[in-house]
J.: 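Next up is a structure, given as structure tokens.
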Amino acid sequence: MPGTCTIVIPTYNEEDNIVRMAKALRESYPEFRVLFMDDNSTDASRSLIEGLDDPYVRMFVRKPEERGLAASVMQGFCICGTDYFINMDCDFQHPLSTLGPIYEKLEAGYDLVVGTRTNRMIMGFARGMGSWIFNIWYALELKIHGKQITTDLMSGLIGGRTDVFKPIIEKNWDDMELTGWKVLADLLKHSDRKLRIGKVEYQFEKREKGDSHLNDKVVITTFHQMWGFGKLMSKFYAKIKGVDYYALYPNEKKR
């Protein structure tokens, strides 16, 4: 019997995309559940999803004090209630056509399947180069610490087995970069077992509507995710950008 699957999508003020995304997913993959993990949007996102009145589409509104993209995604994996999860964005940069192949690999026995971009520079030269450099650094750090790697460690399009990753997330919740963006890196960083990892290559698309949420905080949290040296780089970047590092990480404040 085929396994069940939930598409987990983190959202914040995505009213321009959210209904189109829900309808497109339901049309393309009628057997999949769709779970929007919302960080207390201030627009009409919630009412729009409720208006669909579709039992396979739901929105989980998270507590205001617990906002964070990675936290939303990780919690979504834990509460999805299906055999598999697939994480993607709400801005149509991840082609819907990749979800089928990811699901097929999960059905074939892979623990983790990573959507791997073949055209990273479509994001623009600066962002594309930054993603490429971070990918190399993450791979080195993970290897040094005896962890597994994959080709595109910056990918936001990933699928996994819930029974494998729910215990990992629950065990390491307090040590994860919950306000960050790089969920895949944390899953690999905290995994305590040998994973069977697959990949599905795809062409990254330009965002159709709405604004990107990338900012200096994203860079700081991305640095911060990788052990001691990463935290030093995070502090350095925050200083040169005039960002209050200890407002982001109050538990690290020197007494």
J.: Calculate, to the nearest 0.5 Å, the distance between atoms CG and CE belonging to L69 and M74 respectively.
T.: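 Reported to 0.5 Å precision, the distance equals 10.0 Å.
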J.: Can any side-chain N or O of Y29 pair as donor or acceptor with the backbone N or O of G100 at less than 3.5 Å?
T.: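 Judged by distance alone, yes, a pair lies under 3.5 Å.
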J.: Name the one of Y237, F236, F229 that satisfies side-chain contact (heavy atoms from CB on, under 4.5 Å) with F223?
T.: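 Going through the options one by one, the only one that passes is Y237.
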J.: Could you check whether any side-chain heavy atom of D83 comes within less than 4.5 Å of a side-chain heavy atom of R161, counting everything from C-beta outward?
T.: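 Side chain of D83 against side chain of R161, heavy atoms only: no contact under 4.5 Å found.
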J.: Give a yes or no on whether the ring-centroid distance for F165 and F77 is below 6.0 angstrom.
T.: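 Ring-ring flag for F165/F77: false, centres at least 6.0 Å apart.
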J.: Would you mind checking if E27 and K23 are paired as a salt bridge, meaning a charged N to carboxylate O distance below 4.0 Å?
T.: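 Judged by the 4.0 Å cut-off on N to carboxylate O distance, K23 and E27 do not form a salt bridge.
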J.: Going by heavy atoms in the side chains, are T221 and Y249 under 4.5 Å from each other?
T.: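 The answer is yes; the side chains approach within 4.5 Å.
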J.: At their closest point, which heavy atom of K147 faces which heavy atom of W227, and how far apart are they?
T.: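 Looking at all heavy atoms of both residues, the shortest contact is CG-CH2, 4.4 Å.
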J.: As an exercise, state the distance from CG of D186 to OG of S191, rounded to the nearest 0.5 Å.
T.: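 Between atom CG of D186 and atom OG of S191 there are 11.5 Å.
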J.: Please enumerate all residues that pass side-chain contact (heavy atoms from CB on, under 4.5 Å) together with V34, with sequence neighbours excluded.
T.: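 Scan of V34 (side-chain contact (heavy atoms from CB on, under 4.5 Å), adjacent residues dropped) gives I9, L25, R26, F36, V57.
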J.: Are the side chain of E107 and the backbone of G3 linked by a donor-acceptor contact shorter than 3.5 Å?
T.: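 Yes: the side chain of E107 pairs with the backbone of G3.
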J.: Ignoring hydrogens and angles, state whether a donor on the side chain of T4 or T82 is under 3.5 Å from an acceptor on the partner side chain.
T.: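 No, no side-chain donor-acceptor pair sits under 3.5 Å.
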J.: For R196 and D111, what are the C-alpha separation, side-chain angles and deciding distance, and is it a salt bridge (charged side-chain N to carboxylate O under 4.0 Å, His left out)?
T.: CA-CA 5 Å; R196 187 181 180 196; D111 300 310; over 6 Å; no
J.: For Y202, is the NZ or CZ atom of R117 found under 6.0 angstrom from the centre of its six-membered ring and inside 45 degrees of the ring axis?
T.: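 No - R117 does not lie over the ring of Y202 by the 6.0 Å and 45° rule.
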J.: T116 side chain to D152 main-chain N or O, any donor-acceptor pair under 3.5 Å?
T.: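 Answer holds: no.
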J.: Is the backbone of S45 close enough, under 3.5 Å, to the side chain of D43 for a donor and an acceptor to pair up by distance?
T.: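 Yes, the answer is positive, given that a donor and an acceptor are paired below the 3.5 Å cut-off.
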J.: Side-chain heavy atoms nearer than 4.5 Å, only ILVMFWY residues, links allowed to pass through others: does that put F134 and L140 together?
T.: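 The answer is no; the residues belong to distinct hydrophobic clusters.
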J.: For the residue pair K171 and D192, what are the closest heavy atoms and their distance?
T.: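 Closest heavy-atom pair between K171 and D192: NZ-OD2, 3.8 Å.
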J.: If you take all heavy atoms of I169 and C78, which pair is closest and at what distance?
T.: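 The pair with the smallest heavy-atom distance is CG2-SG, 3.7 Å.
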J.: Please list, chain by chain and in numerical order, all residues satisfying side-chain contact (heavy atoms from CB on, under 4.5 Å) with S47, sequence neighbours excluded.
T.: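 With sequence neighbours excluded, S47 shows a side-chain contact (heavy atoms from CB on, under 4.5 Å) to A44, given in chain and number order.
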J.: Would you check if S234 and Y245 make a side-chain contact, meaning some heavy-atom pair closer than 4.5 Å?
T.: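 In contact.
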J.: Please give me the minimum heavy-atom distance between L188 and I149, naming the atom from each residue.
T.: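 Taking L188 first and I149 second, the nearest heavy atoms are CD1-CA, 4.4 Å.
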J.: Roughly how far, to the nearest 0.5 Å, is CE of M226 from NE2 of H224?
T.: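 Reported value, rounded in 0.5 Å steps: 11.5 Å.
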J.: Do T151 and V114 come close enough that some side-chain heavy atom pair is under 4.5 Å?
T.: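 A side-chain contact is absent here, since even the closest heavy-atom pair is not under 4.5 Å.
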J.: Return the NZ to CG distance between K63 and N40, rounded to the nearest 0.5 Å.
T.: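 So the gap between those two atoms works out to 11.5 Å.
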J.: At what distance, to the nearest 0.5 angstrom, does CD1 of I168 lie from CE of M176?
T.: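 Rounded to the nearest 0.5 Å, the CD1-CE separation comes out at 7.5 Å.
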J.: For residues 172-183, pull every pair meeting salt bridge (Lys or Arg N to Asp or Glu O under 4.0 Å), keeping only residues two or more places apart or in separate chains.
T.: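 For residues 172-183, and leaving out neighbouring residues, there are no salt bridge (Lys or Arg N to Asp or Glu O under 4.0 Å) pairs at all.
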J.: Tell me, do L248 and T179 make a side-chain contact under 4.5 Å, heavy atoms counted?
T.: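 A side-chain contact is absent here, since even the closest heavy-atom pair is not under 4.5 Å.
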J.: Give every residue pair that meets the ring-ring contact (aromatic ring centres under 6.0 Å, His included) criterion with at least one member in residues 97-117, sequence neighbours excluded.
T.: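 Residue pairs passing ring-ring contact (aromatic ring centres under 6.0 Å, His included), neighbours aside: F32-Y103, Y84-Y103.
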J.: Against I86, only a single residue in L157, I158, V8 fulfils side-chain contact (heavy atoms from CB on, under 4.5 Å); can you say which?
T.: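 Of the listed options, the one satisfying the test is L157.
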J.: Measuring only between side-chain heavy atoms, which start at C-beta, is D39 closer than 4.5 Å to T11?
T.: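 No, side chains not in contact.
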J.: Considering all heavy atoms of both residues, which atom of P10 and which atom of N87 are nearest to each other, and what is their separation?
T.: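 Scanning both residues, the minimum pair turns out to be CD-OD1, 3.6 Å.
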J.: Should L232 and I136 be counted in the same cluster of Ile, Leu, Val, Met, Phe, Trp and Tyr side chains packed under 4.5 Å apart?
T.: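 No, because L232 and I136 fall into different hydrophobic clusters, even though each may have its own neighbours under 4.5 Å.
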J.: Hey, what do you get for CD (Q203) to NE2 (H94), rounding to the nearest 0.5 Å?
T.: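 Separation between the atoms: 13.0 Å.
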J.: Under the side-chain contact (heavy atoms from CB on, under 4.5 Å) test, which residues partner S28, sequence neighbours left out?
T.: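 Partners of S28 under the side-chain contact (heavy atoms from CB on, under 4.5 Å) test: L96.
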J.: Find out if a path of hydrophobic residues (ILVMFWY) with successive side-chain heavy-atom gaps under 4.5 Å connects L52 to Y56.
T.: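 No; Y56 is not reachable from L52 via cluster members.
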J.: Out of curiosity, does M154 fall in the hydrophobic cluster containing L112 (side-chain heavy atoms, cut-off under 4.5 Å, transitive links)?
T.: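 They do share one cluster, since a chain of ILVMFWY contacts under 4.5 Å joins L112 to M154.
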J.: Between Q148 and K189, is any pair of side-chain heavy atoms under 4.5 Å apart?
T.: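 With C-beta onward as the side chain, the pair stays apart.
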J.: Specify the closest pair of heavy atoms between A22 and I49, including all atoms of both residues, with the distance to one decimal.
T.: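 Looking at all heavy atoms of both residues, the closest pair is CB-CD1, 4.3 Å.
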J.: Is there a path of hydrophobic side-chain contacts, each under 4.5 Å between heavy atoms, that joins I133 and I144?
T.: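 No; tracing contacts between hydrophobic side chains, which count when under 4.5 Å, never links both residues.
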J.: Answer whether the closest heavy-atom distance between the side chains of L142 and L153 falls below 4.5 Å.
T.: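 Yes - at least one pair of side-chain heavy atoms lies under 4.5 Å apart.
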J.: Has the side chain of S41 got a donor or acceptor atom that lies under 3.5 Å from a matching backbone atom of N13?
T.: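 Checking the backbone N and O of N13 against the side chain of S41, a donor-acceptor pair under 3.5 Å is found.
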J.: Which residues pass the side-chain contact (heavy atoms from CB on, under 4.5 Å) test with F60, not counting sequence neighbours?
T.: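 Result, side-chain contact (heavy atoms from CB on, under 4.5 Å) vs F60: L35, M37, R62, Q75, I79.
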